[in-house]
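Convention: sequence-line order gives letters A, B, ...; per-chain numbering from 1. Because the structure is a prediction, the values reported are computed rather than measured.
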Amino acid sequence: MGAIITLSLLAILILYLGLYKAEKALLPVTLIGLALALIFELRLWGENPEPLFHGMVLFDRFSVVFSIACIVLSGLIVSLSKEFFHSLKAHVAEYYALVIFSLIGAIAITSYHNFAMLFVGIEIMSVAVYILSGIRKVDTYSNEAALKYFIMGAFSTGFLLFGIALMYGATGSFDLSILRDYVTDNTSSISPLFYAGISLLLIGLCFKVGAAPFHFWTPDVYDGAPTMITTYMSTVVKVASFAAFFRLFDFVLTPLDAYWTPVLLTIVVITLFVGNITAVMQNSFKRMLAYSSVSHAGYMLFAILAIGPLASNGLLVYSIAYSLASIIGFGALYIVKRDVGSELFESFNGLGRKNPLFAGLLTVAMLSLAGIPFTAGFIGKFMMFSAAMSQYHILLLILAAFNAVIGVFYYLRVVVHMYFKNAEDEFVLQISPMHMTIFVIAFIGTLVLGVYPDVLTSLM
Amino acid sequence: MDKLFILLLLPVVSSVVLLFVKNIKGAKWFALVASFIVLALTLPFLFSFNPTAEVQFEQSWQWISSLNINFHIGVDGISLPLVLLTNALTPLIILSTFGKNYSRHLYSLILLMQMGLLLVFVALDAFTFYVGWELALIPIYFICALWGDGDRIRINLKFFIYTFFGSIFMLVAIIFLAQQTPENSFEWASFTALNLSSPVQGWLFWAFFLAFAIKIPIFPFHTWQPATYTHAPTPGTMLLAGIMLKMGTFALIRWLIPIVPAGVTAYGHLALLLSVIGLVYASIIAFKQHNAKKVIAYSSIAHVGLISAGIFSWNQAGIQGAIFQMISHGLSVVGLFFIIDIIQRRTGSIELADLGGLASAMPKLAIAFLVLVMAAVGLPLTSSFVGEFLLLKGVYTENVWFAVFAGLTIIFSAVYMLRLFQKCMLGSVNPKWAHVEDIKGFETVVLIVVVFFVVYLGILPGGILNISEASVANLLEQVSF
């Protein structure tokens, strides 16, 4: 709880700093605040988890680990975005504050123990991001993205709420423990209301994580939103949404897996193919990353199909691996867009020669997304595959293997442009030390996790 | 730390250090010295190796505890020759590049590749094996695509996707097998101890076979190979043909056949048939080629066809012959590609129509070329004779008719290799090339070393055969049909 309070106070403090034009202090104060929140989370580590506030939240190992991941990733992204935030001149403090508000929501949905908290958390997280994606008021695409995201978000929240309401109708409670008891006590006589509730909840959550066929908002929103905001959406928001998704199914709905597994299986297969095949068609690096994020949602859903300790570990590793690679990918895109002016693959031409270190880091990030050994992405994929195999979803794995091959095809494209195509000019990208530091941190994280994943998997 | 682990670590460390060596000449020498140190560190293994069936210099560390994965490495009589081959060829390949100005990144990639290859050969845990298997692909992709010629981007993308496609199903198979073992282990020993039903083994057979057959390549999975070989830079071609394709043939012996014996019973003959078809098919195509590099590329398919045929015949002569021939082919093919490279540098062409009569200007090269051509043909006193003899004996024991067709390889290879030699070296002297320079300096060193070992192994094959004998016998005893 300390983390949530700290972050709330921090966001308000940041707004005041903005009011008093202390722009230089924004980033350091934000980072200190995040570090403080991190310490509060770490202090929960060894404690015996008990539901707090009449069963509203439960800070168990799972929630602590995912909250820490969200805080650390937010810290990296805020540092990465500093240049972008400050380049916009106006309302700089609001960016920081909104990111922090959104992070509060993210922490809330990794630790909820009551549907009310889940709903409130999702709203806190999403509303901040609606504003962030439309924050470039003069940019039509940014406006479009915000509007699309808002409408789709509101729509999916409708499903979510309706699902929660139906489940409340069946059980008379929002509390996850009571819901779980209901499921285990009445295995044979579950109310149809409850089943309908599961379906609607599933749809709502799939909207949130961007799984096909509920993914239509993702490419446009990711593409239209400012790149740094996209980074935040595709990492922290996504990781937290998956944690929430997993938490619900793991805690309450495992006994009813015969009901929802076929539905989810279909969703996973559609998500993998739609995400990957559409990604191949893209000419813009940003849109490619957007569609690839749909396909990664497919792999991450494996965790829910194969609920258990292996799956939660796998989800953690996969989320971190994907987020680290995305930070490098989107960060690189931001720099290229700023200096070259285009998001097409062609704008990466010749970077291998002109900015060798930068190109090398981006290559490793792409290999990680593609799942090549000694990168975090491979370990993530391997754990997900193992988890799925433990439930004997062999056909699913064969389809996933095909998708991995398709993935290699489009991730290599940017590598091909960087190393094997020559640029027309000799223009060298200017990469600030701050950007480079974040890239190197993400790079080291990717390699360490790829070579020795026990650092993370032994946590849960 | 353990000796074997240092052997794996040293190439990676050198590879990383090379990224910071700015001077190209310094990078060349650094890479050469590093690869020689690795070779020197390999020799103690050779001398202190006890030629019994046991796995030696074994090391196992826990790697990923939640999945029960160990970093388990060790060498036995089957992998030691290949470790030796890798570490002996790497310095030669690096030395062979001294005539050209490649960037320092090439050397970094070659050493990284060496580590991946070594990991494949020494792995005793399926996860470790897979990591090495995939890892070797990344550097070779960059080597071929960065310094290649022609339509290198498209060709190498095909190569990468094709081989990745093969191996990803192997990954699924590995995960499946680990699920079947009692303690969810990825160990080679627990995989081979499994007793799965025949249909399941049949599926697993194809999952593994696809990965290996694409890498080797076995007909009809070879379509990536000729273009990749031809358009790769010479060090890339040497790595591909000299060492990397041995990953596939080695993996057949180590992983495929012991793990799914029932699958091999069902489909082994089909695989043997494919190998023999590939052998004949590639030989015929090799004869029709107008490009010297392409001739060697297709001859390589033919040679590995025979190696895989020997492996699938699964008897002492066949497997020992396969191991021996892997070494022999690795040596001679590196020599041949180097000769083609020298010819290209001197004359600017490797089209057979442009060449001819080079022997008068380059007598020393001609001698080395002739020896290696003889080796490729399989003439007695060259290493290939021993290998091919054993392989054919193995195939003969299995099935006479296969041996008859496989035996054609000797005639075919005589035809296309002698044609290659004749078109390049003999005939009327092209006045343009009457004064090209003969081999000198490092070129002479590389060729002398290759020729020496080709002949040495042809006369005294006992050393390598002795190393592998007990391990092969043990494997045959463990897995018999």
Side-chain angles (χ1 to χ4, degrees), chain A residues 309-310 312-314 316-317 352-353 356-357 360 363-364 367 370-375 378-379 381-392 394-409 412-413 415-417 419-421 450-460, chain B residues 12 19 61-69 71 103 105 108 112 115-116 119 127-138 141-142 144-148 152-154 156-158 160-180 184 186 200 203 207:
Chain A
L310 184 59
S312 64
N313 260 329
L316 178 68
V317 174
R353 198 169 35 78
L357 178 60
T363 305
V364 171
L367 293 179
I372 302 292
F374 282 143
T375 62
F378 172 68
I379 302 291
K381 208 160 261 173
F382 189 84
M383 293 184 84
M384 285 301 184
F385 277 31
S386 298
M389 187 60 93
S390 68
Q391 305 291 318
Y392 292 95
I394 295 173
L395 193 61
L396 173 70
L397 278 187
I398 291 172
L399 293 176
F402 273 110
N403 278 286
V405 178
I406 304 176
V408 169
F409 183 76
L412 273 187
R413 241 178 104 178
V415 177
V416 164
H417 277 277
Y419 286 99
F420 313 139
K421 303 232 163 130
V451 174
Y452 194 68
D454 261 9
V455 287
L456 212 66
T457 55
S458 53
L459 292 183
M460 282 215 278
Chain B
V12 194
L19 292 176
W61 292 281
Q62 193 172 59
W63 192 0
I64 306 175
S65 50
S66 58
L67 290 168
N68 198 10
I69 289 170
F71 187 79
S103 100
H105 298 109
S108 182
L112 189 63
M115 185 264 186
L119 197 58
F127 183 84
T128 316
F129 166 74
Y130 184 82
V131 166
W133 182 268
E134 285 287 295
L135 193 67
L137 186 58
I138 307 292
Y141 168 73
F142 278 99
C144 294
L146 276 174
W147 293 281
R152 61 200 162 98
I153 298 173
R154 199 186 54 79
N156 287 300
L157 195 62
K158 179 180 173 188
F160 192 100
I161 303 266
Y162 208 150
T163 43
F164 187 82
F165 174 80
S167 41
I168 193 84
F169 290 101
M170 175 168 78
L171 180 67
V172 175
I174 288 174
I175 296 174
F176 175 80
L177 281 164
Q179 207 74 56
Q180 306 303 311
N184 286 0
F186 287 82
V200 172
W203 285 104

> Using ring centroids (six-membered ring only for Trp), state whether B/Phe169 and A/Phe402 fall under 6.0 Å.
yes

> Quick check on B/Phe186 against chain A: is it the side chain, the backbone, both or neither that has a heavy atom closer than 4.5 Å?
side chain

> So which part of A/Ile406 gets closer than 4.5 Å to some heavy atom of chain B, the side chain, the backbone, both or neither?
neither

> Which residues satisfy the side chain to side chain donor-acceptor pair (under 3.5 Å) test with B/Ser66, sequence neighbours excluded?
none

> Enter the distance from A/Met389:CE to B/Leu177:CG here, rounded to the nearest 0.5 Å.
8.5 Å

> Side chains of A/Phe378 and B/Leu171, heavy atoms from C-beta outward: is any pair under 4.5 Å?
yes

> Heavy-atom pairs under 4.5 Å with chain B are the metric here; pick the option from A/Leu367, A/Ile394, A/Val451, A/Val408 that has the most.
A/Val408

> Return the option, out of A/Leu397, A/Ile379, A/Ile372, A/Val415, with the maximum number of heavy-atom pairs under 4.5 Å with chain B.
A/Ile372

> Can you tell me which portion of B/Leu67 sits under 4.5 Å from chain A's heavy atoms? Options are side chain, backbone, both or neither.
side chain

> Measure from the ring center of A/Phe382 to the ring center of B/Phe127 and say whether it is less than 6.0 Å.
yes

> Is A/Ala370 close to chain B through its backbone or its side chain, or both, or neither, when contacts mean heavy atoms under 4.5 Å?
backbone

> Checking heavy atoms, do the side chain of A/Tyr392, its backbone, both or neither come under 4.5 Å from chain B?
side chain

> Can you tell which part of B/Ile174 gets under 4.5 Å to a heavy atom of chain A, answering side chain, backbone, both or neither?
neither

> Side chain, backbone, both or neither: which part of A/Leu310 has a non-hydrogen atom closer than 4.5 Å to chain B?
side chain

> Can you check side-chain contact (heavy atoms from CB on, under 4.5 Å) on A/Arg413 and B/Leu157, steps first, answer last?
CA-CA 9 Å; A/Arg413 241 178 104 178; B/Leu157 195 62; over 6 Å; no

